[in-house]
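So you know, we letter chains A, B, ... as the sequences are listed, proteins then strands, and number each from 1.
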Amino acid sequence: METPHSAYLDQLNDVQKNAVTATEGPVLVVAGPGSGKTRVLTFRIAYLIEKGIPPWQILTLTFTNKAAREMKERIGKVVGDRANQVWAGTFHSIFARILRVEADKIGYPSNFTIYDSDDTKSVITKIIKDMNLDKNTYNANAIRSRISSAKSNLITPILYAKNEELMQQDRMSKRPHLHKIYAAYTAKCKQAGAMDFDDLLYRLFELFQRNPDDVLGKYREKFKYLLVDEFQDTNQLQYAIIRKLVNYDKSDRNICVVGDDAQSIYAFRGATIQNILDFEQDFKPHGIQVFKLEQNYRSTDHIVQAANEVIMNNRRQIQKKIWSDKGGGSPISMIKAMTDSEEGKRVADTIIEQKNRMHLQNSDIAILYRTNSQSRIFEEYLRRYNVSYKIFGGLSFYQRKEIKDLIAYLRLVVNPKDEEALRRVINFPKRGIGQSSIDKVSGQAAAKGQTLWQSLPEAEVGKRAKQSINEFVDMVKKAAHKAATANAYEVAAYMAKQSGLLDLLKADNTVEGLGRIENFNALLDGIKAFVEDDTVIDVDTLPDKSLATYLQNIALLTDSDDKDKDGDYVTLMSVHAAKGLEFKSIFVVGLEEDLFPSFMSMDSLDGLDEERRLFYVAITRAEQLLTLSYANSRYRFGKMRYNEPSRFLSEIPDKHLANANKTSSRRSSSDSGGAVRSKVSGAFKKKTSSFKIDPTTFQPSPSSEIKAGQKVLHLKFGEGVVKSIDGGAANRIATIYFDGIDHPNRRIMLKFAKLQILT
DNA sequence: GTTGGTATCTGTGGA
DNA sequence: AGATACCAAC
C-alpha cells in the first residue's frame with residue numbers, strides 16, 4: 001500500500017492530520033464544536049481510498065441523511081466517483097438495507113414495512129384498548145418511550161418481565177401490565193411484517209446474534225473500516241452492533257468514532273455518553289489512539305468562552321478547552337421582553353438592524369428555539385417585515401394527512417399484512433365499512449389467528465359492508481398485481497385515482513384544500529422523480545424503481561432532508577435540528593425556566609445537564625453574532641404563563657455580554673457584579689418585584705374590549721384609567737393614566753398590551 | 001354508518 | 001389552543 005501525500009492534508013492542523021492518517025486500529029476523536037470534525041472524517045475516508053482500500057469496504061454511520069450525503073459529496077471532491085461506492089448512511093438506513101437482504105432469517109418478509117412513531121403509537125393505543133386498560137394511566141406516549149428505551153437497552157419482553165427494577169417502576173407508576181403491552185406490541189409488529197425505528201437496530205442485532213457465522217461473518221469480512229459520526233448520540237444497542245462488527249478475536253479493529261460528549265443531546269431517546277467512556281476502555285487493550293480537536297474555527301472568542309463557561313456547570317465531562325484565534329468579536333446581546341409577542345417583534349427588529357448595519361443576508365441568520373411551537377410568533381413578525389424565512393421541522397411533509405393516506409394505500413399494496421395501513425384506508429375515502437364492521441372482522445381474524453387482511457374475503461358482516469369490502473380487496477389486489485411489473489409511479493398514480501383520494505381532494509375548493517392537493521401532487525411528482533432518477537447509488541444496489549424500494553427510501557427520510565438550500569431566507573428551527581450547522585448570526589430565543597431548560601427535564605440533574613448541553617450546542621452555532629432572548633410571559637397551552645429567565649443566562653459571565661446591566665428589571669443587583677452570575681436565578685427572582693401586581697392572578701382582557709373611561713390593570717404599571725383611544729382598528733392606541741409612576745400618561749399599543757379591565 | 005357537537009387530553013427533542 | 005376521542009342524534 002502506498003502512503004498518499006496529497007495536498008489536502010496541508011489544509012489540516014497537526015491534530016487533525018494525525019487523526020486522519022492513523023488509519024489502523026481503534027481511534028477516538030473528541031471534537032469540540034466548529035473544530036473541523038466533518039473535515040477530519042471525510043479526509044480520513046479519502047485518505048483510505050487513496051491508500052488503496054476499496055471504497056465498498058468502508059462503512060460510515062451517521063445520524064442524519066444530510067450528514068451522510070454531505071460527507072459523500074466532500075469525499076467526492078477529493079477522490080471523485082469512487083466516493084459513491086462508500087457505504088455511508090444513517091444507522092437506520094444502512095441497517096434497513098442489510099435487513100431487506102437477510103430478513104427471512106429472522107422471520108420477516110424482505111418487503112417489511114417500517115412503522116413510524118405515529119403507527120407505533122396507534123398500535124399501542126389499540127392494544128391498551130383491547131386489554132381494557134385505563135388509557136390515562138396507560139399513556140400511549142409514555143409506554144412507547146418505555147418500550148423504545150427497553151429495546152435500546154437490549155431488553156426483550158421476556159427480559160423485561162424478569163427485570164425486577166423495571167417491574168418495580170411500573171408498579172410504582174400503577175402500570176403493572178406494561179410488559180404485557182410490550183409483548184403484545186412486539187407480536188403485532190411481527191405479525192404485520194413491520195419494524196419500528198428501534199426494530200431496525202434491534203432486529204439487526206438479533207440477526208447477527210443468531211447467525212454468527214454465515215451472516216455476521218459476511219459483514220465482518222465486508223466492512224474492513226468502520227467510521228461512526230456523532231458517537232455521543234449512539235445508544236447501547238447501536239454500540240452493541242458496532243462491537244459485534246469490529247470487536248472480536250483476530251479483528252484488525254479498524255474503527256474510528258468521532259464525537260463530543262458536550263454535544264450529546266439525545267439521551268431522551270436512549271443515547272448515552274457512557275458509550276464514549278466505554279469505548280476508551282473496551283479498545284484500550286487494542287492500542288486505542290485518542291485525538292482531541294480543541295481549536296474552534298467557527299466562532300469569535302466571546303462566544304467560545306461563554307460556551308466554555310456554560311458547559312463547566314455540567315458534572316461529568318471529558319476535559320477539554322475550546323479556543324479560538326478569531327479575536328473577541330461582538331459581545332453577546334440580550335433581549336428581555338415582557339411578552340412572547342414582544343420577543344418576536346424585537347428579534348425581528350434586530351434582524352432588520354443587523355441586515356442594515358452589518359450587511360447580513362437572510363441566509364446568514366437563524367432563530368433557534370427549544371420547541372417547534374415557538375416558531376409561530378417569529379413567523380408572524382418576519383412576514384410583517386417582509387423578511388423571507390423558512391421553518392424547518394414541525395409537521396414534516398410525510399406526516400401530513402393527505403400524504404399519509406396515499407402512502408398507506410401504497411404500503412398496503414406492498415405488504416397487505418400492514419395492519420396500520422389497512423385500518424387507515426379501509427374506510428377512507430368513505431365506502432361504508434364502518435367501525436363496527438371492522439371490529440367484527442378484526443375479532444374473526446383474531447379467532448382464526450389470521451391477519452386482518454386475510455380475513456377480509458371471508459368476513460361475516462352486513463350485506464352492504466360485505467360488498468364494499470370485496471370491492472376494496474379487489475382494488476388493492478389489482479394494484480398489487482400491477483406493482484409486480486410496473487414502477488412506483490405507475491402504481492401510485494393508479495392508486496391515487498382508484499382509491500378515490502384524488503377525487504375527494506379535487507372536490508375541496510377551500511384554501512386548505514388547494515394546499516392539500518398541491519402536497520398530494522408534490523408527492524406524486526416526488527415518486528416520478530424517484531423513478532426517473534438515473535444516478536447509481538453504489539455497486540451493491542441495482543437500480544430498482546419498484547414501489548417497495550420507494551417506500552423503503554422515504555420511510556427513513558426526515559423533513560430536513562428534502563429542503564432546498566438555495567434561496568435567501570432566515571432559518572427558523574429547533575436547537576436539535578441545528579446541530580452541525582453554523583450561521584453568522586444566531587438568535588437563541590425563549591430562554592426561560594420551564595421552557596429552556598424544559599419542564600420535562602427539571603426533575604433530574606441528568607436532564608438538566610442535557611438541557612445545558614443543548615444550550616451549548618445552540619450558542620456554538622454562531623460565528624459572529626449571538627443574541628439571547630426571553631420573555632417574562634408567554635402563551636402556552638392556551639394559558640398565559642409567567643416564567644423566570646433561564647438559569648443558563650446566569651451562567652454566562654457579564655464580560656461576554658453587551659448589555660448586561662442595561663435593564664430596568666434587575667437594576668437592583670447589577671452593581672454587585674452578580675446580576676447574571678447568581679446560582680439558579682437568585683437575582684432574577686427579584687425581578688418579579690418590579691411587577692405591581694401578582695402575575696399569577698392577572699387575567700388580561702381581550703384588547704377589543706378596552707374602552708375610554710375604564711379602569712384597567714397593567715402588568716407592569718399597575719392600575720390606570722383609560723383616557724382615550726385612537727388609531728385604526730388594527731393599531732388602536734390607548735392613552736392611559738397610571739398614578740404614581742414617572743410619565744404617568746402612557747400610550748399603549750392595544751395590540752401588544754395585556755390589560756385587565758377592572759370596571 | 002355517518003354526522004356533528006362536546007369533553008378531554010396534551011404538553012420536547014427525532015430516525 | 002388545537003387535536004383527538006367519544007357520544008348522541010340522524
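Backbone-only engagement by A:F63 is indicated by non-hydrogen atom pairs under 4.0 Å involving sugar-phosphate atoms exclusively. Using a 4.0 Å heavy-atom criterion, one finds that A:S373 contacts no nucleic acid atom at all.
Distance OH (A:Y369) to P (B:dG11): 18 Å, rounded to an integer number of Å. Rounded to whole Å, the distance from OH on A:Y138 to C1' on C:dA5 is 21 Å. The interatomic distance linking A:F268 (CZ) with B:dA15 (C1') rounds to 10 Å, in whole Å. Rounded to whole Å, atom P of C:dA1 lies 16 Å from atom CZ of A:R634. Here the P atom of nucleotide C:dA3 and the NZ atom of A:K121 are 13 Å apart, to the nearest Å. For the pair A:F428 CZ and B:dT3 P, the interatomic distance rounds to 11 Å; values are reported in whole Å. When the C1' atom of B:dT12 is taken as reference, atom CZ of A:F615 falls 17 Å away, rounded to whole Å. Spacing between atom CD1 of A:I438 and atom C1' of B:dT2 amounts to 13 Å, rounded to whole angstrom units.
A sub-4.0 Å separation between OP1 or OP2 of B:dG11 and a side-chain N or O of A:N141 is present. Taking side-chain N and O atoms only, A:S574 has a distance below 4.0 Å to OP1 or OP2 of B:dG14. Taking side-chain N and O atoms only, A:K129 has a distance below 4.0 Å to OP1 or OP2 of C:dC6. Between A:N139 and B:dT10 there is a side-chain polar atom (N or O) within less than 4.0 angstrom of OP1 or OP2.
For the pair A:R384 and A:Y381, the cation sits on the ring face: its NZ or CZ lies under 6.0 Å from the ring centre, inside 45° of the axis.
Aromatic rings of A:F231 and A:Y239 (six-membered ring for Trp) have centroids within the 6.0 Å cut-off, being under it. No close placement of the A:H177 and A:Y182 rings is indicated, their centers lying 6.0 Å or farther apart.
Of the two residues near DNA chain B, A:N427 and A:S148, the one whose nearest nucleotide lies more 5' is A:N427. The residue among A:M600 and A:S117 whose nearest nucleotide of DNA chain B lies closer to the 5′ end is A:M600.
Comparing B:dT3, B:dT12, B:dA15 against the side chain of A:F197 picks out B:dA15 as the nearest.
The shortest side-chain heavy-atom distance between A:Y389 and A:T571 does not fall under the 4.5 Å cut-off.
Counting only N and O atoms by type, the side chains of A:E230 and A:Q232 include a donor and acceptor under 3.5 Å apart.
Between C:dT4 and B:dG13, the distance separating the two P atoms is 15 Å to the nearest Å.
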